[in-house]
Amino acid sequence: MAAKQMPEDWGLEGKVAIVTGGGAAGTGIGNGRAAAILLARAGTKVIVVDKAIDLAEQTVSMVEDEGGEAVALGADLTRDEDCAGMVRYALDRYGRLDFLDNNVGIGSRGSVVDWRRVMQVNVETMFLASKHAIPAMVRGGGGAIVNVSSISALRPRGLTTYSASKGAVIALTRAMAVDHGREGVRVNCVAPGPVYTPMVYQRGMTPEVRDRRRLASVLQREGTGWDIGLAVRFLLSDHARYITGHTLVVDGGATLKGPERASE
């Protein structure tokens with residue numbers, strides 16, 4: 001069925017992936033949910049991990065509706081033991097682990113006073129998940145990891161702690177790529193722009209704000225979770241076999257635009 005939509009040389013069929021932060025409100029398409037669905041369409045067995053198990057189960061239901069294979073797992077990835085348990089679950093169920101999509105994250109409009117919690121969720125979860133996933137990948141002959149950052153790391157606009165945390169994700173990605181390349185583990189990063197996802201719109205968004213976000217990009221096109229999921233799937237696939245330590249910006253060109261000029 002859907003698993004045959006991609007050529008076999010993508011190297012995703014029959015592999016096992018963990019997608020963290022794989023839930024989303026309702027049937028909305030967040031970055032993690034999109035990645036989980038797209039990987040399953042390519043024949044990957046997906047473990048959808050979320051602190052809210054009901055949201056992970058909704059993603060699994062959407063995967064199964066398309067004929068894919070996925071299971072839900074509730075975990076708090078700020079806890080080392082939960083990260084270890086997540087990897088152990090993958091190995092017990094499938095006997096291997098090939099891919100990790102580190103997608104857990106929270107927003108923050110605060111300054112450095114919000115530092116600890118934001119850094120813990122946005123950076124430490126990726127460190128802990130990777131710490132346990134990499135040895136399993138190495139034992140299986142290698143694998144690939146994608147960490148999700150943000151263009152706020154590249155073009156700060158306030159949001160001090162959030163921007164710093166997402167910058168740390170990029171630095172972590174590059175360092176991990178150096179550390180584990182010889183072991184056959186590729187590590188890359190996706191930096192989304194102002195995409196329209198449940199994490200953004202569930203707090204409330206007027207049509208005017210939504211349109212302003214769309215116009216912020218060079219393409220003047222609205223990005224969605226699918227755009228991020230497609231980038232993640234590419235970086236995990238064999239089509240990216242010679243890419244590691246890279247940050248793929250998926251923003252419609254938003255980081256190319258400076259402040260609007262005053263009319264002359």
Side-chain angles (χ1 to χ4, degrees), residues 16-25 28-40 44 46-53 55-60 62-63 70-79 82-83 86-87 90 97-108 118-134 143-153 162 165-166 168-170 172-173 176 186-200 202 223-237 247-251:
V16 176
I18 290 174
V19 176
T20 72
I29 300 298
N31 300 335
R33 175 169 286 169
I37 293 171
L38 289 165
L39 286 167
T44 305
V46 184
I47 300 165
V48 182
V49 181
D50 203 284
K51 189 174 182 180
I53 184 66
L55 301 185
E57 288 171 344
Q58 176 62 33
T59 300
V60 169
M62 296 168 77
V63 167
V71 292
L73 181 67
D76 178 355
L77 299 186
T78 65
R79 295 163 52 91
D82 282 22
C83 291
M86 171 182 74
V87 172
L97 177 61
D98 303 284
F99 308 128
L100 171 64
D101 175 21
N102 272 320
N103 193 68
V104 171
I106 57 174
S108 171
V118 175
M119 296 297 287
Q120 182 183 38
V121 175
N122 290 1
V123 185
E124 193 170 324
T125 58
M126 298 188 183
F127 163 76
L128 292 174
S130 300
K131 180 182 81 168
H132 293 287
I134 288 171
I145 296 172
V146 174
N147 299 322
V148 177
S149 179
S150 166
I151 62 168
S152 289
Y162 181 77
S165 73
K166 293 303 185 177
V169 169
I170 293 175
L172 178 66
T173 297
M176 287 169 55
R186 296 185 300 107
V187 187
N188 289 293
C189 182
V190 173
V195 294
Y196 189 68
T197 65
M199 183 176 175
V200 172
Q202 69 181 352
T224 71
W226 294 117
D227 296 303
I228 309 308
L230 286 165
V232 169
R233 184 173 68 176
F234 164 70
L235 288 172
L236 292 176
S237 78
T247 297
L248 177 57
V249 177
V250 185
D251 71 344

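Because the structure is predicted, anything quoted here is derived from the model rather than measured. Just so you know, these numbers use all the heavy atoms, side chains as well, and skip hydrogens, waters and symmetry mates.
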Check: Leu248 and Asn188 side chains under 4.5 Å, non-hydrogen atoms: no
Which residues satisfy the salt bridge (charged side-chain N to carboxylate O under 4.0 Å, His left out) test with Glu57, sequence neighbours excluded? none
Decide yes or no for Val169 and Val148: does some side-chain heavy atom of the first lie under 4.5 Å from some side-chain heavy atom of the second? no
Can you tell if the side chain of Thr125 reaches within under 4.5 Å of the side chain of Asn102, non-hydrogen atoms only? no
Do we see a donor-acceptor contact under 3.5 Å between the side chains of Thr197 and Asn31? no
Partner residues of Asp251 under the salt bridge (charged side-chain N to carboxylate O under 4.0 Å, His left out) criterion, sequence neighbours left out: none
pair Asp227-Thr224: side-chain heavy atoms closer than 4.5 Å: yes
Qualifying residues under side-chain contact (heavy atoms from CB on, under 4.5 Å), relative to Ser150, sequence neighbours excluded: Ser152, Tyr162, Lys166
Please list, chain by chain and in numerical order, all residues satisfying salt bridge (charged side-chain N to carboxylate O under 4.0 Å, His left out) with Asp82, sequence neighbours excluded. Arg79
Heavy-atom closest contact (Leu236 atom, Arg186 atom, distance): O-NH2, 3.4 Å
Residues passing the ring-ring contact (aromatic ring centres under 6.0 Å, His included) test with Phe234, sequence neighbours excluded, are none
What distance separates Leu73 CG from Ile53 CD1, expressed to the nearest 0.5 Å? 6.0 Å
Validation row: Thr20, Leu100 side chains within 4.5 angstrom (heavy atoms): yes
Value for CG (Leu38) from CZ (Arg33), rounded to nearest 0.5 Å, stands at 12.5 Å
Looking at residues at least two apart in the chain, or sitting in another chain, which of them share a side-chain hydrogen bond (donor to acceptor under 3.5 Å, both in side chains) with Ser165? Asn122
A side-chain contact here means heavy atoms from C-beta on lying under 4.5 Å apart; do Val46 and Val63 qualify? no
One should read off an interatomic distance between Ile37 CD1 and Ile29 CD1, to the nearest 0.5 angstrom, of 4.5 Å
Going from CD1 on Ile145 to SG on Cys189, what distance comes out if it is rounded to the nearest 0.5 angstrom? 12.0 Å
